[in-house]
Amino acid sequence: MEISTNYSITKDELKNKVILVTGANRGFGRAMTLDLAKAGANIIMLGRDLDSLETTYDEVLDLGYQEPILYPLDLEGATPEHYEQLQKNILDNFGQLDGLIHNASIIGTMMPIEQYDIKLWYSTMQINVNAPFMLTQALIPVLNKSSDARVLFLSSSVGRVAKAYWGAYGVSKFAIEGISKTLSEELEKTNIKVNSIDPGRMRTEMRRTAYPAENADNNPLPDTKSPVIVYLMSKKAKKLNGEQLVLPNV
Ligand SMILES: NC(=O)c1ccc[n+]([C@@H]2O[C@H](COP(=O)([O-])OP(=O)(O)OC[C@H]3O[C@@H](n4cnc5c(N)ncnc54)[C@H](OP(=O)(O)O)[C@@H]3O)[C@@H](O)[C@H]2O)c1
């Protein structure tokens, strides 16, 4: 289902909402953090690099938006105990969670499966699939405390239609689509709505790594696409569940 990126954020439309964004330090995660904070949400910025998390945090404050919370965590090494601790911290500090955005991912490498490096395959699956699974599992109880909660999985076109040489990344996004759809059905009768989204191409480090020869200036900046994430977290999108969303490349 294609949704327009043409969305104007209204001040305070997400006031009092608590939303966790993974990979919030840069790329699309940074753009979403800025727009969600602009809309008044309390953002829990999860990422592994404290310096760049702090840079984005400072940007949010400089713009006068809602102050976020920094949560340094490396999703590759994180264990169920780390996610239980995160659940406890959210419960103690906010009492509930209203949004969970699984954005952090690595691209792995472009390689035929026949030759794919096994260690890199494991790392890609750990960060792109196992971490979102464990994080979601640990946070369902706090999402359940919200009267209107959202889980959003960042996907990709190569997680919907297979493309040669995309290796572990493509396979990981197929798995994300599977988790998203399965969870949306399991939680159908609850207040938690679950969707996946293919954001389309964006001018980020990941895109530069995947397409080193293209002119990056032709790719839209992530902040042209992030306002619609505010819409997806707002009550206006309450009916969406189990959808494979896609953003147009404008
Ligand atoms: N850009 C595109 O054209 C495009 C197209 C389709 C789908 N997507 C999807 O959109 C999402 C965002 O992509 P992007 O382009 O913004 O990517 P990006 O610029 O490469 O950013 C990836 C983010 O994931 C974080 N991350 C990676 N490994 C991590 C780990 N072990 N622990 C914690 N955080 C980790 C990175 O943190 P560090 O700074 O620490 O590395 C960074 O914040 C991804 O899910 C991607 O698959 C992107």
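Just so it is clear, the structure is predicted and the values come from calculations on it, not from any experiment. Numbering of ligands and ligand atoms starts at 1, following listing order.
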* Asked: Would you say Ile107 contacts ligand 1, with heavy atoms under 4.0 Å as the rule?
  -> no
* Asked: Hey, does the side chain of Arg150 reach the backbone of Gly99 with a donor-acceptor pair shorter than 3.5 angstrom?
  -> no
* Near Lys173, which atoms of ligand 1 are under 4.0 Å from a heavy atom of that residue? -> 45 (O), 47 (O)
* **Closest approach of any protein heavy atom to atom 13 (O) of ligand 1, naming residue and atom** => Met206 SD, 4.2 Å
* So is Asn25 polar-close to ligand 1, meaning N/O to N/O under 3.5 Å? -> yes
* Atoms in ligand 1 with a heavy atom of Asp74 nearer than 4.0 Å -> 30 (C), 31 (N), 32 (N)
* Structure fact -> atom 33 (C) of ligand 1: of Thr22, Leu73, Leu53, the nearest heavy atom sits on Leu73
* Close N or O approach (Met202, ligand 1; < 3.5 Å) -> yes
* **Distance-only polar pair, side chains of Gln66 and Asn42, donor-acceptor under 3.5 Å** => yes
* Contact atoms of ligand 1, heavy-atom distance to Gly23 under 4.0 Å -> 25 (C), 43 (O)
* To do: From the options Asn195, Val194, Ile179, Leu240, select the one residue that forms a side chain to side chain contact (heavy atoms under 4.5 Å, CB included) with Ser184.
  => Val194
* Asked: Do the side chains of Asn93 and Val18 get nearer than 4.5 Å, heavy atoms only?
  -> no
* **Options Ile101, Asp198, Asn103, ranked by nearest heavy atom to atom 45 (O) of ligand 1, top entry** => Asn103
* Structure fact -> The atoms of ligand 1 lying under 4.0 Å from a heavy atom of Glu205, numbered in the order shown, are 19 (O)
* Structure fact -> CG of Leu139 to CG of Leu97, rounded to nearest 0.5 Å, is 6.0 Å
* Asked: What residue and heavy atom of the protein are closest to atom 32 (N) of ligand 1, and at what distance?
  -> Leu75 N, 2.9 Å
* To which protein heavy atom is atom 21 (O) of ligand 1 closest, and what is the distance rounded to 0.1 Å? -> Arg26 NH1, 3.5 Å
* To do: Give a yes-or-no answer on whether the side chains of Tyr211 and Asn219 include a donor-acceptor pair shorter than 3.5 Å.
  => no
* With a 4.0 Å heavy-atom cut-off (strictly under), which part of Leu46 contacts ligand 1: side chain, backbone, both or neither? -> neither
* Nearest protein heavy atom to atom 15 (O) of ligand 1, by residue and atom, and its distance? -> Thr204 OG1, 2.5 Å
* Structure fact -> of all protein heavy atoms, closest to atom 47 (O) of ligand 1 is Tyr169 OH, 2.5 Å
* Between Leu34 and Glu59, does a side chain to side chain contact (heavy atoms under 4.5 Å, CB included) hold up when you go through it step by step? -> CA-CA 8 Å; Leu34 288 168; Glu59 271 184 89; 4.0 Å; yes
* **Value rounded to 0.5 Å, distance of CG in Leu46 from CD1 in Ile69** => 12.0 Å
* To do: Scan Leu135, Leu154, Leu73, Ile101 and name whichever one has a side chain to side chain contact (heavy atoms under 4.5 Å, CB included) with Thr22.
  => Leu135
* Asked: For atom 26 (N) of ligand 1, which protein heavy atom lies nearest, and how many Å away is it?
  -> Ala104 CB, 3.8 Å
* To do: For atom 16 (O) of ligand 1, grab the closest protein heavy atom and report residue, atom and distance to one decimal in Å.
  => Phe28 N, 2.8 Å
* Atoms of ligand 1 close to Ser155 [distance to a heavy atom under 4.0 angstrom, numbered from 1] -> 6 (C), 7 (C), 8 (N), 9 (C)
* Please confirm whether the backbone N or O of Asn6 pairs with a side-chain atom of Ser4, one donor and one acceptor, at under 3.5 Å? => yes
* Which of the ligand 1 atoms, numbered from 1, are nearer than 4.0 Å to a heavy atom of Ile106 -> 27 (C), 28 (N)
* How long is the gap from CG on Leu36 to CD1 on Ile9, to the nearest 0.5 Å? -> 7.5 Å
* Asked: Just by distance, with hydrogens left out, do Asn249 and Lys225 show a side-chain donor and acceptor under 3.5 Å apart?
  -> yes
* Taking atom CG of Asp223 and atom CG of Leu221, what is their separation to the nearest 0.5 Å? -> 5.5 Å
* Answer yes or no for Gly200: is there a heavy-atom contact with ligand 1 below 4.0 Å? => yes
* Asked: Does Ser52 reach ligand 1, in the sense of a heavy atom lying below 4.0 Å from it?
  -> no
* To do: Please say which of Ser155, Ser157, Ser105, Ser196 ends up in a side chain to side chain donor-acceptor pair (under 3.5 Å) with Lys173.
  => Ser105
* Asked: What protein heavy atom sits nearest atom 8 (N) of ligand 1, and how far off is it?
  -> Pro199 CG, 3.7 Å
* Asked: If you count the atoms of ligand 1 from 1 in the order shown, which ones are under 4.0 Å from a heavy atom of Ser105?
  -> 22 (C), 24 (O), 27 (C), 44 (C), 45 (O), 47 (O)
* Can you list the ligand 1 atoms lying under 4.0 Å from a non-hydrogen atom of Gly27? -> 16 (O), 19 (O)
